[in-house]
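Report on the structure given below.
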Amino acid sequence: MNKHVNPTERASTDLSRRSFLVGSAATGLVLGYAAVPGLEQALAAPSNFEPSVWYSIAPDGIVTVTCGKADMGQHIASTMAQIVAEELGSNWKDMRVQLASNDPKFNDPVLGAQITGGSWSTMMNFDAMSRAGAAGRIALTEAASSIMGVPAGELVVRGSTVSHPKSKKSITFADIVKSGKITKTFTPDELKAITLKTPDQYAMIGVSVPQLDIPPKVNGTAKYGIDVMLPGMVYGKVVTPPVRYGATVKSVDDTAAKKVPGFIKALTLDDQTGSTTGWVVAIANTYANARKAADALKITYDNGPNAKLSSQSLLDEAKRLQAQGDSGQFFVKDGDTAAAFGTAAKVLEAEYTTSINIHAPLEPMNATAEFKGDILHVYSGNQFATRTGAIAAGAAGIDPIFVVMHQMWLGGGFGRRLDADMMVPAVQAAKAVGKPVKVIYSRENDMTMDYSRPLTFQKVKAGLDGDGKLIALNHDVVSAWPTARWGIPDFLSSSVDKKGPLDAFTVNGADFFYSVPNHNVRAIKNELAHNATPSGPLRSVAPGWTFWAVESMIDELAHAAGQDPAQYRIALLDGKGKNDGGAQRLRNTLLAAMGMAGYGTTKLPKGEGMGIACVSSQERATASWTACVAHVAVSPSGEVKVKKLTLATDVGMQVHPDNIRAQVEGAALWGLSLAMHEKATLKDGGIEQTNFDTYTPLRMSQTPEVAVNVIANGEKPTGVGEPAVTVIAPAIGNAIFNACGARIRSLPITAEAVKGAMKA
């Protein structure tokens, strides 16, 4: 995620940088981490044909694609298989998927890490997996030519069969593999030179084929982290301190715990990775007994430096930092905003806030650890295998080369499983008792120790000329810095004012595609929040809050200028300069959503309104263009009912249309949940909400109609999982204003806030 490299450019160089061997010799693959007896033979059968590390074809014709991305319900494994199958020419019924380990051979040669986030997976892997499939097809074709004694150029590959129409000869992939005659190899340059299919030639891409992961998930053969069972395994249950971060354990009295059947020991964690502080894990023969033992422990803490902090104190600190003219670093610095404000006919200022939000995936955090000699095996579903292996190694005090990461299916991730804190208690417990240990967080552990979406404070100042045109905008964003916490330099960006690195994942989206001649964006790190509430990426990351401010302010400016908010946006999306291309695509989605929803042409009852927003999420360099029209009804008491969400999105080429629609629908509902329902609060250094009775995501009864239009245009595929999250809140906020005149600037939107704004 080095911000200086466009991820789409990384994708095009993926396999061209990789040694790509095709032939029987490629089956003798050696693991990049410490050798485990028998593992090499299990991973690569000698008779398999392995065109690349990403897939193999068995003698029975089964094509098994290895997915180097975490699959958390978004079906990315099937997507990777579909891309391979298109160029390979295989029959979909012959395709299978499996998940990659942390073997370095699976690391992207440019990115250098296995990571799933940013809605990058398809866009970053499309070209690489296409070339992998095409190379396999070419190798199979040359082998078939030799076997059948016909020119390779006259052969057709379709349905896992190579055919020669003139002679009516044919041979299956299975028979070609069994022949052992595949000898074709590719240099990186040859691989790069392969001519891929054009969209008009696609037979698989663009088709909603059955998802390969659904049958094993239905019949139970797909294993999640929580399903792991090992011989001799025992269980650990963590006891977390009353503050989110900074506590230390003073004493542990396990007298009562010793009376619990099956209790083994209580272990105070010594976490040198900095992931946890003040944690104790109770170890017992069953999870039920581990829970009982954990509840029986009497632990005293030093609650540390954050013990008195609250959400209000974090917000107060954010406002203090923003008021300092020299705090933070500049993410965008175009033109001279100070001079422009001096000549502006009208200047508007507004403050926008978002609360702490929790990931809360259905499958709670878990990990299983086992030492086999010098080798540490860890089992868990994770989104960042490279970092997860390093955290496990750090917890064990060993070199990462001695860690084997067994990737499992994920019961939800949403960014939470980019972190690896669950490794620490599992690894240290396994080391302490000399047995495999599975640690499962309770829902209370999961919520109070989440790497949450940070509380944010944003101040926006905008200047209009005499015609109402936007001529200057200052945007200050204050928050904890989620990716800076990882300590990985490539995740940070150089500030344009050369004051040092900044976390672009707190300000992405503020560098929008509207044409504004004078534009500043300042990223300000709230150290108090950063230390007290260690934050992590949550589905949509920064655009989830930056577009809340940007799209709300654009609406405010349109009304201040006496113009229709849609036409105001269209005028700003003129595609000038650096906004060429992107602005036009965003404008198209806005027009499509408006047309679908009947925006501007539908007469609504009193108390109802439509609002719009359009965004370029996830990041400017990897954007998917998304617009929303929200239709709401507001009662005199301030209660808001979202009646319909109409979305249009441009994701370039569609690999699997049904999956894209499902992703957009799910992202829209996630955005609605964040906009209207979800809020966590900090009190005395700890998160107050401990379960779904107090942290209340969207319920099914609150779900509105969602209409989706996916614009397919043959452009390079972009991301789907997150962009629609970011457009919902501002569209709803703008709809509320049109319904009742209440301008809301804080998330989540409450009836009290709406009623108060109506009175104002």
Side-chain angles (χ1 to χ4, degrees), residues 240-247 277-278 303-324 327-328 350-360 415-416 443-459 476-482 484-485 503 506 523-538 540-542 544-546 548-549 552 673-697 729 733 744-754 756-757:
T240 51
V243 301
R244 172 61 187 90
Y245 197 83
T277 70
N303 285 339
N306 303 316
K308 299 300 181 184
L309 295 181
S310 66
S311 293
Q312 187 61 50
S313 58
L314 301 186
L315 181 59
D316 291 343
E317 174 66 3
K319 291 182 177 182
R320 185 189 72 82
L321 291 167
Q322 187 278 328
Q324 297 176 352
S327 60
E351 296 177 352
Y352 300 91
T353 61
T354 65
S355 61
I356 298 170
N357 293 116
I358 296 172
H359 294 82
R416 175 61 178 93
R443 182 59 63 189
E444 291 75 13
N445 297 146
D446 208 14
M447 286 193 167
T448 58
M449 293 295 148
D450 185 51
Y451 288 95
S452 55
R453 183 167 100 161
L455 177 150
T456 72
F457 172 74
Q458 301 174 80
K459 186 162 186 176
D476 296 338
V477 184
V478 191
S479 72
W481 284 10
R485 180 178 53 79
D503 189 349
T506 64
I524 304 171
K525 183 180 181 182
N526 187 339
E527 286 283 359
L528 197 66
H530 188 80
N531 295 327
T533 55
S535 299
L538 184 147
S540 79
V541 202
W545 58 80
T546 57
W548 163 239
S552 296
S673 188
L674 290 169
M676 302 294 297
H677 302 284
E678 297 186 39
K679 182 177 183 178
T681 51
L682 190 73
K683 182 180 179 180
D684 294 330
I687 297 296
E688 292 188 277
Q689 293 71 26
T690 61
N691 215 311
F692 291 118
D693 56 339
T694 49
Y695 189 80
T696 54
I744 305 300
R745 300 187 181 95
S746 183
L747 296 182
I749 298 167
T750 65
E752 292 78 11
V754 173

Self-check item: Closest non-hydrogen atom pair between N526 and L314, with its separation
Solution: ND2-O, 3.1 Å
Practice problem: Would you list the pairs meeting salt bridge (charged side-chain N to carboxylate O under 4.0 Å, His left out) in which at least one residue belongs to residues 526-536, sequence neighbours left out? | Solution: K525-E527
Self-check item: Residues in side chain to side chain donor-acceptor pair (under 3.5 Å) contact with D476, at least two apart in sequence or another chain
Solution: Q322, R522
Quiz item: Below 4.5 Å, heavy atoms only, C-beta onward: do E678 and I358 meet side chain to side chain?
Solution: no
Exercise. Name all residues meeting the side chain to side chain donor-acceptor pair (under 3.5 Å) criterion together with T456; count only those two or more places apart in sequence or in a different chain, and write none if there are none.
Key: T354
Practice problem: Starting at CG of L682, measure out to CG of L315 and round the result to the nearest 0.5 Å. | Solution: 12.0 Å
Practice problem: Work out which heavy atom in Y245 is nearest to a heavy atom in T277; give both atom names and the distance. | Solution: CZ-CG2, 3.5 Å
Practice problem: Identify the heavy atoms of N531 and N306 that sit nearest to each other, and give their distance. | Solution: O-ND2, 3.6 Å
Quiz item: Can you find a pair of side-chain heavy atoms, one from P748 and one from H677, that are under 4.5 Å apart?
Solution: no
Quiz item: Is there a side-chain contact between M449 and R244, using heavy atoms and a 4.5 Å cut-off?
Solution: yes
Practice problem: Provide the closest heavy-atom pair for R485 versus P534 in the form atom of the first, atom of the second, distance. | Solution: CD-CB, 3.7 Å
Exercise. For A729, enumerate each residue passing the side-chain contact (heavy atoms from CB on, under 4.5 Å) test, keeping only those at least two apart in sequence or located in another chain.
Key: W548, A675, L747
Quiz item: Mind checking what makes side chain to side chain donor-acceptor pair (under 3.5 Å) contact with T696, not counting sequence neighbours?
Solution: none
Self-check item: T681 OG1 to Q689 CD distance, which is reported to the nearest 0.5 Å
Solution: 3.5 Å
Quiz item: Would you call K319-D316 a salt bridge at under 4.0 Å N-O?
Solution: no
Practice problem: Taking the side chain as every heavy atom from C-beta outward, state whether S355 and S311 have any pair of such atoms under 4.5 Å apart. | Solution: no
Exercise. Identify, with sequence neighbours excluded, every residue that meets side-chain contact (heavy atoms from CB on, under 4.5 Å) alongside P242.
Key: Y301, N303
Quiz item: What pairs of residues pass the salt bridge (charged side-chain N to carboxylate O under 4.0 Å, His left out) test when at least one of them lies in residues 681-692, not counting sequence neighbours?
Solution: none
Practice problem: Apply side-chain contact (heavy atoms from CB on, under 4.5 Å) to Q324 and list each qualifying residue two or more places apart in sequence or on a separate chain. | Solution: R320, L321, D326, S327
Quiz item: Looking at H359 and G536, what are the two nearest heavy atoms and their distance?
Solution: CE1-O, 4.3 Å
Quiz item: Should L674 and R453 be marked as a side chain to side chain contact (heavy atoms under 4.5 Å, CB included) after you check the CA-CA gap, both sets of side-chain angles, and the distance that decides it?
Solution: CA-CA 11 Å; L674 290 169; R453 183 167 100 161; 3.8 Å; yes
Exercise. Report the residues that fulfil side-chain contact (heavy atoms from CB on, under 4.5 Å) with S452, sequence neighbours left out, ordered by chain and then residue number.
Key: I356, D450, S535
Quiz prompt | Single hit among N357, T690, I687 for side-chain contact (heavy atoms from CB on, under 4.5 Å) with Y695 | solution = N357
Quiz item: Is a side-chain donor or acceptor of E444 paired with a backbone partner of N691 at a separation under 3.5 angstrom?
Solution: no
Quiz item: Can you find a pair of side-chain heavy atoms, one from K679 and one from T750, that are under 4.5 Å apart?
Solution: no
Practice problem: Report yes or no: does T533 contribute a side-chain atom to a donor-acceptor pair with the main-chain N or O of A529 at less than 3.5 Å? | Solution: yes
Exercise. List in chain and number order the residues that pass side chain to side chain donor-acceptor pair (under 3.5 Å) with Y352, two or more places apart in sequence or in another chain; answer none if no residue qualifies.
Key: E556
Quiz item: Below 4.5 Å, heavy atoms only, C-beta onward: do R416 and L538 meet side chain to side chain?
Solution: no
Quiz item: Where is the tightest heavy-atom contact between G246 and P305, given as atom of each residue plus distance?
Solution: O-CD, 3.9 Å
